[in-house]
Amino acid sequence: MKNILVFGGAGYIGSHTVWHLCENGYNVVVADNLIYGHAEAIPTDVPLEHVDLIDANALGELFAKYTFDAVIHFAAFAYVGESVEHPAKYYRNNVVGTLNLLEVMRIVGVKNIVFSSTCATYGEPIYTPIDEEHPQNPINPYGQSKLMIEKILSDYENAYGLRWVALRYFNAAGAGWNIRESHMPETHLIPLVCCSITNGNPINIFGTDYDTPDGTCIRDYVHVMDLANAHRLALEKLEDFSGVLNLGTGIGKSVKEIIVIAEKVTGKKCPVVFTVRRPGDSTRLFAANKKAHEILEWFPEYGIEKIITDAWMWENNRRF
Ligand code: UFG
């Protein structure tokens with residue numbers, strides 16, 4: 001399985017995966033609507049097709065132009081808050097767009113897909129660490145849209161023999177190669193901490209009254225290069241395994257702990273403002289990752305210091 005279409009390959013996790021696949025000898029084509037993606041983030045010798053998932057005709061042309069053994073599908077809108085305000089946008093792009101993709105795959109006979117899912121499909125956890133058997137009750141349309149797609153993939157397996165892996169990411173962070181995390185707007189903690197250290201504008205810490213040792217929320221930050229590696233491993237296992245896998249380190253860090261580590265790593269002060277809770281934030285999210293160990297032999301290589309070191313380095317060596 002060497003010829004891979006990476007849909008959404010110009011985005012943050014997508015572009016890191018593209019570099020990783022290229023380094024490992026895969027033939028990659030990237031498709032991206034470039035709404036949030038960056039053409040500069042992918043290697044110059046990788047073909048980039050400007051295609052939107054909603055455009056079924058363009059998808060047909062894409063699959064007629066190339067021969068693919070498998071698809072990795074990153075192309076989703078992913079702002080939780082926006083999904084609550086504009087659910088139509090999320091269901092249309094994420095769900096209808098994926099149906100378009102699966103339809104063209106079915107027509108041309110591409111039977112392998114690795115899909116970007118999320119821990120947001122679990123909703124408010126009943127227990128931690130969260131394993132794959134944890135009930136799924138998403139609390140926003142973004143999480144709902146991802147859960148719907150997981151169910152669609154399972155039904156397509158039963159009916160059409162689709163081979164699929166849905167990777168439920170916890171908090172992707174860090175950077176590699178010459179890419180940095182670059183969302184517009186940026187809402188994620190680690191890039192915002194790096195930005196505050198650089199420009200001296202304080203970062204808001206959303207809530208200090210959570211039921212955690214220091215009162216701030218706990219998350220499981222996983223290095224984007226470890227995620228990239230997991231996508232390759234998932235491709236390689238598709239013949240033997242279809243289903244869902246958590247991708248997290250199993251280690252939770254609080255917002256305050258992240259600030260302390262960032263100050264240590266950079267040797268600079270991070271200005272902060274303590275403010276009210278952000279709506280929709282869970283107190284504590286971290287993964288049980290035993291299944292990914294067993295099935296993919298995936299063991300995250302990088303810890304939180306490396307994640308923040310790399311995020312900081314690329315914040316200061318930005319190309320775009
Ligand atoms: N935080 C702050 N200040 C900020 C930004 C974030 O205190 O300026 C806090 C948040 O309240 C949260 C933690 O830092 O407690 C992490 O927030 P992020 O926005 O970095 O990440 P989330 O955990 O909210 O979101 C991630 C993914 C989403 C996914 C979600 C599932 O980015 O795609 O986990 O809960 F849907």
Side-chain angles (χ1 to χ4, degrees), residues 8 11-14 36 74-84 90 93-94 115-125 128-130 134 136-147 149-150 166-175 181-197 199 201-224 227 246-249 251-262 270-287 304 307-308 311:
Y12 171 49
I13 307 173
Y36 294 118
F74 292 98
F77 292 145
Y79 289 107
V80 169
E82 184 186 54
S83 80
V84 176
Y90 277 70
N93 182 77
N94 296 4
F115 171 65
S116 297
S117 191
T118 167
C119 65
T121 60
Y122 294 115
E124 189 61 43
T128 51
I130 301 170
H134 188 288
Q136 289 179 290
N137 294 302
I139 54 174
N140 51 63
Y142 166 65
Q144 290 281 19
S145 72
K146 292 282 184 171
L147 177 56
I149 297 162
E150 287 188 2
L167 299 173
R168 294 181 184 154
Y169 315 141
F170 281 66
N171 285 59
E181 185 164 3
S182 178
H183 298 107
M184 197 60 81
E186 187 54 79
T187 59
H188 294 98
L189 180 66
I190 290 177
L192 288 174
V193 166
C194 291
C195 219
S196 289
I197 291 174
N199 64 23
N201 296 327
I203 182 164
N204 290 314
I205 294 191
F206 296 133
T208 52
D209 57 350
Y210 286 96
D211 182 18
T212 60
D214 67 17
T216 63
C217 290
I218 292 173
R219 293 289 181 276
D220 183 341
Y221 297 91
V222 54
H223 201 297
V224 67
L227 292 182
N246 281 345
L247 294 181
T249 63
I251 298 167
K253 290 285 172 202
S254 74
V255 176
K256 281 186 181 168
E257 285 176 311
I258 294 296
I259 308 268
V260 169
I261 297 166
C270 178
V272 301
V273 169
F274 296 107
T275 174
V276 293
R277 290 182 179 203
R278 185 173 68 175
D281 273 340
S282 295
T283 304
R284 192 183 272 101
L285 293 171
F286 58 99
I304 191 65
I307 288 173
I308 297 177

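In this text, all values refer to a predicted model and were calculated from it rather than measured experimentally. Atoms within each ligand, like the ligands themselves, are counted from 1 in listed order.
- For the side-chain hydrogen bond (donor to acceptor under 3.5 Å, both in side chains) test, no residue two or more places apart in sequence or in another chain qualifies with T212.
- Ring centers of Y90 and Y79: at least 6.0 Å apart, outside the cut-off.
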Taking a 3.5 Å cut-off between nitrogen or oxygen atoms, can you list every pair linking ligand 1 to the protein, with distances?
from: ligand 1; atom 1: 3 (N); to: N204; atom 2: O; distance (Å): 2.7
from: ligand 1; atom 1: 7 (O); to: N204; atom 2: O; distance (Å): 3.4
from: ligand 1; atom 1: 7 (O); to: F206; atom 2: N; distance (Å): 3.0
from: ligand 1; atom 1: 11 (O); to: D281; atom 2: OD2; distance (Å): 2.5
from: ligand 1; atom 1: 17 (O); to: R278; atom 2: NH2; distance (Å): 3.4
from: ligand 1; atom 1: 19 (O); to: T187; atom 2: O; distance (Å): 3.3
from: ligand 1; atom 1: 19 (O); to: R278; atom 2: NH1; distance (Å): 3.4
from: ligand 1; atom 1: 19 (O); to: R278; atom 2: NH2; distance (Å): 3.0
from: ligand 1; atom 1: 20 (O); to: L189; atom 2: N; distance (Å): 2.8
from: ligand 1; atom 1: 21 (O); to: N171; atom 2: ND2; distance (Å): 3.1
from: ligand 1; atom 1: 23 (O); to: N171; atom 2: ND2; distance (Å): 3.0
from: ligand 1; atom 1: 23 (O); to: R219; atom 2: NE; distance (Å): 2.7
from: ligand 1; atom 1: 24 (O); to: R278; atom 2: NH2; distance (Å): 2.8
from: ligand 1; atom 1: 32 (O); to: H188; atom 2: NE2; distance (Å): 2.8

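- With sequence neighbours excluded, the residues forming a side-chain contact (heavy atoms from CB on, under 4.5 Å) with D209 are R277, listed by chain and number.
- Evaluation of the salt bridge (charged side-chain N to carboxylate O under 4.0 Å, His left out) rule for E150 yields R168 as partners, not counting sequence neighbours.
- With no hydrogens or angles considered, no side-chain donor-acceptor pair links T275 and N204 at under 3.5 Å.
- Taken from CG in L167 to CG in L227, the straight-line distance is 8.5 Å, to the nearest 0.5 Å.
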